[in-house]
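Below, chains carry the letters A, B, ... as their sequence lines are ordered, and counting in each starts from 1.
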Amino acid sequence: MKNIIIGSSAAGISAAEALRRADPTCEIVMISDEPNPLYSRPLISYYLAGELPEERIYYRPPDFYERNRIEARLGRRAVRVEPRANRVILDNGEELEYDNLLLATGAVPVFPEIEGLEKRGVFGFRTLKDAKEMLRLLPEVKEAVVLGGGLVGLKAAVGLRARGVEVTVAVGSPHLLSQMIDARASEIYGELLEAHGIKVATGMEPAKILGDSQVTGVLMRSGEELPCQLVVVGKGVRANLEPVEGTEVRYDYGIIIDEHCRTNIPNIYAAGDVAQSYDVVRGEHWTNALWPCAVEQGRVAGLNMAAKEAVYRGSIGMNSVQLFDLPVISAGLAGLRERDFDEELIVQPAPRVYKRLVLRGDRVVGFILVGEIENAGLIRSLVAKGVSVAGLKDQLLRESFGFSEVLPLIEGRSERFPEREYQELIETMRLVS
Amino acid sequence: MERIFCDLRRCLACGACELACAVEHSSSKDLFRAVLEGEAPVGRREVQAAPFGSVSLNISLACHHCDPAPCVDACITGAMHHEDGVVLVDQERCVGCWMCVMACPFGAITPSKLKVALKCDLCPDREGKAGRARYACVEACPTEALFAGEFVEFKRLLEEEVVPY
Ligand SMILES: Cc1cc2nc3c(=O)[nH]c(=O)nc-3n(C[C@H](O)[C@H](O)[C@H](O)COP(=O)(O)OP(=O)(O)OC[C@H]3O[C@@H](n4cnc5c(N)ncnc54)[C@H](O)[C@@H]3O)c2cc1C
């Protein structure tokens, strides 16, 4: 069997490893337009900040391809997939045939439609190359503007601040991190950033990048001019659909996959940021462009490509970050604009501890934990499993809440908890009663 | 693979396992020295009350060493990894992003102040007393509520009556 994987990051690597473990003899070809794709993308902000040297951001050792007997085509772009001919066309005109294909092409930054994006000093923040070019420009940079107050923009801002740059984050919406947290949590982060010397300007959309060949500032729609020598565009990402555009492969914002991470074409799979999978909270297909989803989807795709049945139970939105010394984890319907819930529970026992639980009927459909994050995984699992927490909802946000308190719930809904670890606990409970 | 299980009928919530775990994972591996050196040893095991119909039992909980493990999937650095069936954190590589804390459904990972994730590592540097399980928590349990072995063996134990000493 010949397997081709396009993209060699979180989803591609995970798929290749699962495939190799399940099938020691099949052929695996990985295509990547990045020459050195084995680094961890989320770590580029740590590299930018100077917290990690380049050799510490690698996610797999350099002999990854040899060790897994993978033919790597690095620095090569797949420009088109021909599903009927089972063929991938590369940017050098080469044609490769496959039995199974995985699309793990990830996502790319979205740039707003404004003038001046081509100037020297304008960056997306997605690749190690972006981070390296930013560092190379740094001696000329006194001020930087980050467009967008999402997680990636803020990580870039923190990284640049750590290098002594004066940073302004210009956010279009009225709040920071509006996809991830609500207004109150966002205020805590706004204050935290300001305290660390990062300016936050909300309700600010860019109109034009100023300068000749080199950036000298950003003109905002408000008419205000923010002088700077570097601009980071953090306005979200979009799926990298290029190789399947105009083909029979079905896509919406991302490539639609089923519970086997398969597309509408039986021998074509997709995983990671490029894929749109079933979101168990929203009840529809949705792109949750997250590292853990990419890894899990990659593994499921890889196993199915090796003809080992594996099921993907769907994703939920979630994220975890620690900016300076304050951690936050949120999941499900947690963002500013999420309104599809019946009830919210909020506790704020200390100025920098904020917890919010969002319920629909007696199911938890989202939460935000700022400052005290220990129970995040437990609550997240209740969101993902979609089980009723009727008797427990007032306890979930207590600091003392622990896993043992959900044991009866798990035992009562054992069909929802098929994983070995839960089943052992359920059997234990039944045997001791 | 050998793992650690808790017999809820025997657990008295005395906390000996928590303390033994914390001491085993302190730099000196000695309670008095750790406290004298100003280190507050952090355990990776927690005893919790488990509601059981009208009564409440106790259960000592730690990492289940899941396979596949949500924490390993979530780790952005590769610090969290499987090694011969055991889920381990390479503390050198951990950056404290807490993706693993978000992922673990059992709440078995502690985000430490030192920005590294802490969890049960099945006591890699421990020999243990001859003839007993080599894990600090199992050895310390005065009522033999903690059991080290395969789940099938543990089930056999659960099928036996508990006879008070
Ligand atoms: C700064 C930053 C911080 C982040 N932090 C977090 C975090 O804390 N937690 C979290 O969950 N997620 C985080 N993310 C998101 C996370 O990095 C992504 O979800 C993850 O990388 C997705 O993996 P992937 O394999 O699907 O795609 P990608 O990582 O995007 O990889 C796709 C690869 O395919 C290559 N490729 C694309 N098209 C082609 C083609 N046609 N031919 C050949 N090669 C191609 C790309 O160049 C790339 O190497 C962060 C992202 C960034 C940028």
Heavy-atom pairs under 4.5 Å with chain A are the metric here; pick the option from B:A79, B:G107, B:A50 that has the most.
B:A50

Applying a strict 4.5 Å limit to non-hydrogen atoms, the region of A:L425 in contact with chain B is side chain

For a 4.5 angstrom cut-off between non-hydrogen side-chain atoms, does A:S433 reach B:F52?
yes

Which atoms of B:C71 are under 4.5 Å from chain A, going by heavy atoms: the side chain, the backbone, both sets, or neither?
neither

Side chain, backbone, both or neither of B:C66 within contact of chain A (heavy atoms, under 4.5 Å)
both

Where does A:L378 contact chain B at under 4.5 Å (heavy atoms): side chain, backbone, both or neither?
both

Which bit of B:I76 is near chain A, if near means a heavy-atom gap under 4.5 Å: side chain, backbone, both or neither?
both

Are any of the side-chain nitrogens in A:E424 or B:K155 under 4.0 Å away from the carboxylate oxygens of its partner?
no

Return the option, out of B:G96, B:G78, B:A49, B:C100, with the maximum number of heavy-atom pairs under 4.5 Å with chain A.
B:A49

So, do B:F151 and A:E427 sit near enough that their side-chain heavy atoms are less than 4.5 Å apart?
yes

Given heavy-atom pairs under 4.5 angstrom as the criterion, report whether the side chain, backbone, both or neither of A:D325 touches chain B.
neither

Measuring heavy-atom distances to chain B, does A:Y39 have an atom under 4.5 Å in its side chain, in its backbone, in both, or in neither?
neither

A:S320 and B:M102 have their tightest heavy-atom pair at N-SD, 3.9 Å

Which atoms of A:Y46 are under 4.5 Å from chain B, going by heavy atoms: the side chain, the backbone, both sets, or neither?
side chain

Side-chain contact test, heavy atoms from C-beta onward, threshold under 4.5 Å: evaluate it for A:Q322 versus B:C97 and give yes or no.
no

Most heavy-atom pairs under 4.5 angstrom with chain B, which of A:L382, A:I373, A:V406, A:I57?
A:I373

Contacting region of A:I379 [heavy-atom separation from chain B under 4.5 Å]
neither

Can you tell me which portion of B:N58 sits under 4.5 Å from chain A's heavy atoms? Options are side chain, backbone, both or neither.
neither

Anything under 30° is parallel, anything over 60° is perpendicular, the rest tilted; go ahead and classify A:F403 against B:F106.
perpendicular

